[in-house]
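Here's the structure we're looking at; comments come further down.
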Amino acid sequence: MFKLSDEGINFVKKELARYETKRSAIIPCLYRVQKENDGWVSPESVSYLSELMELPEAWINEVLNFYTMFNKKPVGKLHVQVCNNISCCMLGARELTDHLCKTFNVKPEEISEDGKITISKVECLGSCDTAPMMQINDDYHENLTPGSAEKIIKGMLNGN
Amino acid sequence: MPKITLNGKSIEVADGITIIEAYKQLDEPIAHYCWHPGLTIAGVCRLCVVEIEGNPRLQIACNTVVQDGMVVNNNSEKVKTAVKWGLDFHLINHPLDCPICDQAGECELQNQYMEFGKYDPEMAEHKVKKRKVVDLGERIVLDTERCILCSRCVRFTNEVSKTNELGIFNRGDRSEVGTFEDKPLNNKYSVNTVDICPVGALTSKDFRFRQRVWYLKDKPSICTGCSTGCSVNVYYNEEGIFRLKPRFNKDVNGYWMCDEGRDIYKHINKENRMVRGRYKKDGAWCSTLPLETAKKAGEKLRTYSADQIAVLVTGQYTNEELDVFVNYAVNKLGTKNIFHWKNNPDGWNEFDGLLLRGDKNPNSKGLQKVLQKHTVGGEWKDLVNQIDKFKAVVVAGPENLQAYPDLKEKIGTLARLECVVWATADDNIAFEGLMDFTYLIPQKTSVEKSGHFTNYNGLEQKVDVVTTLLSDSLNLEETVELLVGESVDMSQREKEDMHVMKKNYFTTERGRL
Amino acid sequence: MSIVKKPGAISNWYLPGIISGMIFTLRKMIYNIFHKDKMPTLNYPEEKYEYSPRFKGQHVLTVKKDGSIRCTACMLCATNCPAQCIKIVAAESEDPSVEKYPINYEIDVLRCVYCGYCEEACPVDAIRMGPEWQKPGANGSNFTYDIQELAYRPQLKGGIESRLDEQERHDFGI
Amino acid sequence: MEIKLLTEHYDKKEFRFIEGYKKLGGYETLKKAFSLKPEEIINEVKASGLRGRGGAGFPTGVKWSFLPQNGEKRYLLCNADEGEPGTFKDRLMMERAPHQLIEGMIISAYAINSPKSYIYVRGEYNYPIKVLEKALQEAYDAGYLGKNILGSGFDHDMDIYRGAGAYICGEETGMISSLEGKKGQPKLKPPFPAIKGYLGQPTIVNNVETLAAVKYIIRDGAEAYRKYGTEKSAGTKLFSVSGNVNKPGTYEVPLGYPLMDLINNECGGMKNGAKLKAVIPGGSSAPILTAEEVQKTTMDYECLAQMGSMLGSGAVIVMDDSNCMVDMLKVTLHFYHHESCGQCTPCREGTGWIHKIVSSIVNGEGRLQDIDLLEKIAQQMMGRTICALSDAAAMPTLGFITKFKDEFEFFVREGRSKVKEVRAHA
């Protein structure tokens with residue numbers, strides 16, 4: 001059973017009071033839940049949040065399912081999101097994704113067996129001048145080649 | 001009052017209404033799914049497009065307020081093409097499993113495609129597959145694949161029932177309507193979502209697969225589930241009654257009705273009814289025609305003096321019946337001991353804020369009026385207080401026994417009397433507890449008789465005969481006439497009983513070759 | 001139609017006609033004894049005539065690959081039936097991809113006029129009319145065929161499989 | 001020639017913090033603004049000819065004057081949900097000059113008399129959000145936000161709202177829905193947000209660049225701003241150039257600047273000296289321009305509209321002749337299919353449909369009639385929906401097909417690309 005930390009509960013209370021409507025706090029609170037729930041939002045945590053925020057579960061679930069930055073499935077410790085939009089594709093983003101998937105032996109959007117990495121293809125991340133690029137957890141890594149991307153990820157995996 | 005021209009016809013409409021309402025007022029055909037007069041405007045199906053003179057872009061009629069002098073049409077080629085393609089967009093991911101779908105026959109997608117469609121599908125790609133047959137609680141089954149995402153049901157739960165269970169999750173053509181984690185949709189008005197669903201995405205478990213809708217006829221009536229008296233349409237055929245749907249009535253129920261009210265057809269159907277009149281003699285039940293039972297009961301009843309007879313009456317009969325009944329009881333039977341039996345006196349005035357009321361009788365107001373007219377009437381507790389005084393009781397019992405959960409207990413009390421004459425439409429195991437000289441007289445139900453019901457608000461509403469399920473049963477008027485010894489002419493009775501058998505009932509009638 | 005009688009004495013004599021008839025019969029009989037294979041008549045009911053597969057005779061309910069019944073209980077056949085001889089009771093299936101199936105499907109063949117409208121109305125190729133054409137019965141109820149009879153009677157050897165597969169369903173957009 | 005108006009101090013690190021910003025003339029304009037009446041500011045912005053820099057190019061001053069004069073609480077929203085593929089100028093502006101945006105917003109809020117504003121930043125912009133949050137705190141501490149700003153009697157609160165990854169939230173009513181805590185689905189218009197927006201109150205939504213530009217209009221005056229650009233497209237614009245050029249990046253040039261000059265001078269020409277094939281001038285929803293068309297294109301609203309394309313958010317995607325257009329359309333349509341909010345049927349179903357058709361062409365399963373069908377569908381998707389996402393998917397489809405029909409036909413006939421091998425990606 002998922003529960004937010006005390007700090008998290010305070011955060012939720014603060015966010016509820018921060019905006020003009022309680023509903024506006026759904027996105028920040030979901031971010032918080034995702035952070036405390038190993039990078040994804042589980043159905044139980046939605047029920048929990050619904051009780052905590054006193055908002056219908058359907059509203060929270062609608063928001064959760066609408067936005068792509070909330071993960072509905074467990075993700076690896078490293079969530080590698082490779083931009084697969086037009087500028088990046090022109091400069092080899094798809095080849096890069098294929099290379100990474102092959103190297104780390106995962107399927108796109110799926111978590112690796114050891115739970116360490118998820119590679120997903122995402123839409124434009126607003127860094128087209130430095131294509132191809134990827135986002136690992138919160139940070140951007142730009143001007144990649146398959147080799148350099150592999151090196152970055154390997155470095156981070158070993159650092160863990 | 002703006003004056004506008006729709007498809008070349010000029011019409012004067014009320015201020016501030018939308019073009020689609022003007023179209024409805026004029027009864028001109030216009031395609032639409034998401035717009036529903038009882039809900040807010042979503043404007044998402046994009047089918048009600050119209051061409052407004054002076055505007056190069058097609059506008060949607062549901063979100064455009066009329067202005068004086070507007071010239072609008074929806075029969076130009078441009079609009080027709082847009083509607084055709086709009087329907088095609090709706091259909092490209094809609095499974096064409098109409099043979100299975102329970103909505104077929106009353107499906108808006110079918111109807112409107114027949115009327116406005118392109119008839120030349122060009123979709124060659126695979127359809128998006130979604131979840132089918134999702135169980136949403138006691139009453140609803142959801143098929144997300146068939147859903148056209150008009151959001152009517154979502155708006156209903158947000159705006160009318162205010163329970164917020166439903167939502168549209170995910171986005172793009174992956175959008176799915178549903179409840180969170182398939183939690184049950186068990187609010188008291190849930191089946192309204194089925195009514196407003198233009199396609200077969202939400203279906204009622206109760207009605208699902210029981211009949212094809214084209215086998216059903218419908219007639220207007222009044223729901224007898226509670227004192228609100230919602231206007232309904234009764235759907236029936238020769239096999240019985242299958243469902244009730246709300247009928248728009250701006251004074252009473254708007255577009256909606258509660259789930260409880262939808263169940264009242266069950267006690268009207270033959271399976272639960274008292275088909276033959278019954279009386280108990282020497283500890284054994286005998287059954288006769290209703291007419292005969294009433295005659296026998298009358299003979300027995302007239303052996304008692306007026307003071308020994310009590311009359312117990314429920315608000316489940318029409319004004320006309322009650323008027324005659326009370327009149328005969330007072331003037332012919334001569335008793336002043338008439339008691340009003342209420343289903344739950346404690347929660348009598350309960351109201352859930354939308355439609356449901358604690359008074360589960362359609363005509364309590366009408367009954368009170370009649371009792372006042374004759375300056376009689378008491379409560380159940382008054383009857384209990386003086387019960388030793390009485391030898392016989394005439395009960396104008398409830399038509400819907402389910403609404404009276406204390407039935408068994410009440411029967412236990414009445415069994416202390418020597419003679420019980422009970423007019424009832426339904427049969428119930430509790431009647432077994434009654435003693436000798438009990439007469440059970442089968443009654444007609446609200447769909448089998450015409451008359452008026454007075455709702456909680458004093459509004460008199462007419463009901464007409466919808467159909468006849470049991471032609472032998474009596475109404476309360478006839479019953480009381482027989483009780484006081486008058487005769488009733490049964491020769492004018494409609495003879496056709498409903499057929500219990502399905503379509504080919506001929507086989508049983510054929511016999512041996 | 002009128003009978004034209006040739007006038008004359010000879011035609012009033014019966015014997016020549018009878019004899020020539022006998023000769024004809026005798027000739028055919030002898031021919032048939034030696035050419036048994038060419039004999040046009042059948043020894044009914046030991047021998048039965050096989051109609052072409054296109055003959056619209058006895059109804060068959062087709063089955064799917066797994067042997068379950070193809071019919072989806074849409075009732076279009078019953079609706080279309082001019083003789084009102086089809087009775088279907090639908091039920092919810094356990095399998096969500098099937099959703100609905102008939103728990104009861106009866107055809108009263110004595111009422112049936114073998115018009116073939118049911119076959120035409122069926123959107124899923126679930127009912128066909130086959131070449132079988134007769135089946136005696138001693139009682140009225142023997143002529144009300146149920147699912148067992150319509151889909152799995154011994155002559156069908158486990159049922160006739162409908163061609164309609166998943167790909168075709170997609171092509172039809174079902 | 002690059003003109004550094006907004007981007008003047010972007011290279012200086014101290015410009016990101018309040019001390020450095022003030023040293024370089026920051027918040028001086030705010031003082032000037034408070035000496036003016038709100039109407040004067042609106043008139044100045046109107047006179048400057050500033051048009052929305054987010055994509056639609058609606059005149060900003062006119063938008064502000066739509067606000068009803070009924071004393072209702074007004075909101076100012078800054079649209080920093082930069083999702084249009086190819087665009088990255090707002091990120092740069094928030095990272096390099098957060099105070100410039102904040103100052104522009106306070107001036108704008110003062111002009112429209114709004115007590116509360118939100119900066120809606122897309123969720124992926126983690127770093128810009130951190131920069132902005134810090135800057136906001138600095139501004140509060142320095143008294144530029146809060147009660148009675150600089151003794152002017154004007155109160156203003158500003159907050160940051162982090163989106164969560166939905167392109168559609170860049171549409172103004174979608175953003176309002178998202179800010180209200182709902183799905184980011186655009187709302188029906190009318191009523192327009194200036195009448196009924198956030199929580200039913202009058203709301204003005206402007207792009208980051210627009211709001212930042214307001215500062216310079218007030219600082220230098222409308223006339224000075226009009227000096228740049230053309231008659232109808234005044235001012236400078238930040239262009240995000242990406243693709244097959246030597247120096248992709250953000251460049252501020254006056255509107256009306258020739259596209260070829262932008263590619264050749266600012267961006268250092270085509271990468272590896274390859275041949276220019278096509279340019280998408282305004283983000284992926286703008287119809288594509290062929291190499292011939294590019295030669296005579298100047299970057300302003302009118303010229304691009306005349307070419308049948310649009311300036312959009314100023315995202316210039318340059319393609320050389322190694323790119324297969326069928327493949328590029330597939331990538332573009334995948335985006336719109338993925339991002340359609342699912343509200344209006346033509347968009348929800350149409351984006352999926354055309355994406356599937358183009359995918360099947362790329363997979364070698366295309367039929368010749370598919371190309372005509374694509375055109376038909378795209379035409380029926382145009383102008384049929386609440387917001388412009390449907391058009392945004394339909395316009396490039398029509399553009400790609402009409403201008404590179406031979407490539408599509410080749411692909412259908414031969415089952416392979418005319419340009420290079422396109423492999424199926426997992």
Side-chain angles (χ1 to χ4, degrees), chain A residues 15 18-31 34 53 55 59-70 81 83-91 93-98 101-102 107-109 119 121-131 133 135 137-140 143, chain D residues 75 82-88 90-91 116 118 122-127 159 161-169 178-185 198-199 201 240-244 247-250 280 284 315 317-320 322-323 327-328 331-332 334-335 338-339 341-342 423 425-426:
Chain A
E15 289 295 314
R18 179 171 165 185
Y19 306 102
E20 272 87 342
T21 56
K22 267 167 74 179
R23 221 171 156 171
S24 296
I26 293 178
I27 291 180
C29 293
L30 279 172
Y31 271 125
Q34 175 156 309
M53 297 177 74
L55 289 172
W59 290 5
I60 298 175
N61 202 35
E62 273 188 340
V63 171
L64 171 69
N65 281 284
F66 189 82
Y67 297 99
T68 49
M69 284 184 69
F70 301 123
Q81 306 177 49
C83 171
N84 264 252
N85 212 289
I86 184 159
S87 294
C88 289
C89 276
M90 280 162 64
L91 296 163
R94 288 176 295 189
E95 288 76 11
L96 172 70
T97 323
D98 289 354
C101 286
K102 219 172 108 193
K107 288 198 185 98
E109 331 292 338
I119 296 173
K121 299 195 267 188
V122 295
E123 297 304 342
C124 188
L125 290 170
S127 189
C128 314
D129 52 340
T130 53
M133 59 82 61
Q135 184 185 11
N137 296 342
D138 280 340
D139 303 316
Y140 279 19
N143 287 324
Chain D
Y75 289 95
E82 186 179 45
E84 182 74 37
T87 320
F88 43 86
D90 294 348
R91 185 167 69 101
K116 176 94 197 186
Y118 284 100
R122 67 178 293 188
E124 288 89 344
Y125 282 180
N126 209 35
Y127 177 64
D159 209 343
Y161 197 82
R162 186 181 175 194
Y167 169 67
I168 195 63
C169 293
S178 178
L179 195 57
E180 285 169 353
K182 301 173 187 162
K183 292 180 287 180
Q185 290 181 328
Y198 180 52
L199 302 175
Q201 303 292 332
S240 321
V241 189
S242 61
N244 305 114
K247 286 193 292 172
T250 310
I280 302 175
S284 71
I317 302 169
V318 184
M319 298 180 183
D320 67 20
S322 68
N323 291 295
D327 188 33
M328 284 300 114
V331 173
T332 312
H334 179 269
F335 173 75
H338 183 256
E339 295 296 342
C341 81
R423 14 185 228 113
H425 292 275

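- Atom CD of A:Glu62 and atom NZ of D:Lys182 lie 10.0 Å apart (nearest 0.5 Å).
- The greatest number of non-hydrogen atom pairs below 4.5 Å with chain D, out of A:Cys83, A:Cys89, A:Cys128, is found for A:Cys128.
- Of the two parts of D:Leu179, only the backbone, made up of N, CA, C and O, holds a non-hydrogen atom closer than 4.5 Å to a non-hydrogen atom of chain A.
- Using a 4.5 Å cut-off between heavy atoms, D:Arg162 contacts chain A through both its backbone and its side chain.
- For A:Ser24, the side-chain hydrogen bond (donor to acceptor under 3.5 Å, both in side chains) partners are A:Thr21, not counting sequence neighbours.
- Nearest heavy-atom pair across A:Ile86 and D:Pro85 is CG2-CB, 4.1 Å.
- For chain A, no part of D:Glu82 is nearby; none of its heavy atoms comes within less than 4.5 Å.
- Using a 4.5 Å cut-off between heavy atoms, D:Asn244 contacts chain A through both its backbone and its side chain.
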Inset, instruction - Take D:Met328 and A:Met90 through the side chain to side chain contact (heavy atoms under 4.5 Å, CB included) test and state the conclusion after the steps. - result: CA-CA 8 Å; D:Met328 284 300 114; A:Met90 280 162 64; 3.5 Å; yes
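- The distance from atom CZ of D:Arg122 to atom OH of A:Tyr67, rounded to the nearest 0.5 Å, is 13.0 Å.
- A:Ile27 touches chain D through backbone and side chain together, each having a heavy atom under 4.5 Å away.
- Heavy-atom minimum distance, A:Tyr31 versus D:Gly123: OH-CA, 3.6 Å.
- Using a 4.5 Å cut-off between heavy atoms, D:Thr87 touches chain A through its backbone atoms (N, CA, C, O) alone.
- Shown here for D:Gly165 and A:Thr68, the closest heavy-atom pair between the two residues is O-OG1, 2.8 Å.
- Residue contact with chain D, scored on non-hydrogen atoms closer than 4.5 Å, is absent for A:Asn65.
- Chain A forms the most heavy-atom pairs under 4.5 Å with one residue out of D:Glu124, D:Lys116, D:Glu84, and that residue is D:Glu124.
- At a 4.5 Å heavy-atom cutoff, the contact between A:Tyr19 and chain D is made by backbone and side-chain atoms alike.
- In this structure, no portion of D:Lys247 lies under 4.5 Å from any heavy atom of chain A.
- Side-chain contact between D:Tyr161 and A:Pro28 is present, with heavy atoms from C-beta onward closer than 4.5 Å.
- Using a 4.5 Å cut-off between heavy atoms, D:Cys169 contacts chain A through its side chain alone, with no backbone atom that close.
- Across all their heavy atoms, A:Asn85 and D:Val331 have their closest contact at C-CG1, 3.8 Å.
- Ranked by heavy-atom pairs under 4.5 Å with chain D, the first of A:Val63, A:Asp138, A:Ile26 is A:Asp138.
- Across all non-hydrogen atoms, the minimal contact from D:Gly184 to A:Phe66 is N-CE2, 3.3 Å.
- Between chain A and the options D:Ser240, D:Ser284, D:Gly83, D:Gly86, the largest number of non-hydrogen pairs under 4.5 Å is found for D:Gly86.
- Between D:Tyr118 atom OH and A:Glu20 atom CD the span is 3.5 Å, to the nearest 0.5 Å.
- For the atom pair CG (A:Asn84) and NE2 (D:His338), the distance works out to 11.0 Å, reported to the nearest 0.5 Å.
- Heavy atoms of D:Tyr198 lying under 4.5 Å from chain A belong exclusively to its side chain.
- Between chain A and the options D:Asp90, D:Leu199, D:Thr332, D:Ile168, the largest number of non-hydrogen pairs under 4.5 Å is found for D:Leu199.
- At a 4.5 Å heavy-atom cutoff, D:Tyr127 makes no contact with chain A through either its backbone or its side chain.
- Of the two parts of D:Ser178, the backbone and the side chain both hold a non-hydrogen atom closer than 4.5 Å to a non-hydrogen atom of chain A.
- Taking chain A as the reference chain and counting heavy-atom pairs below 4.5 Å, the highest number among D:Gly342, D:Ser242, D:Ala315 is found for D:Ser242.
- Only the side chain of D:Glu339 comes within less than 4.5 Å of a heavy atom in chain A; its backbone stays farther off.
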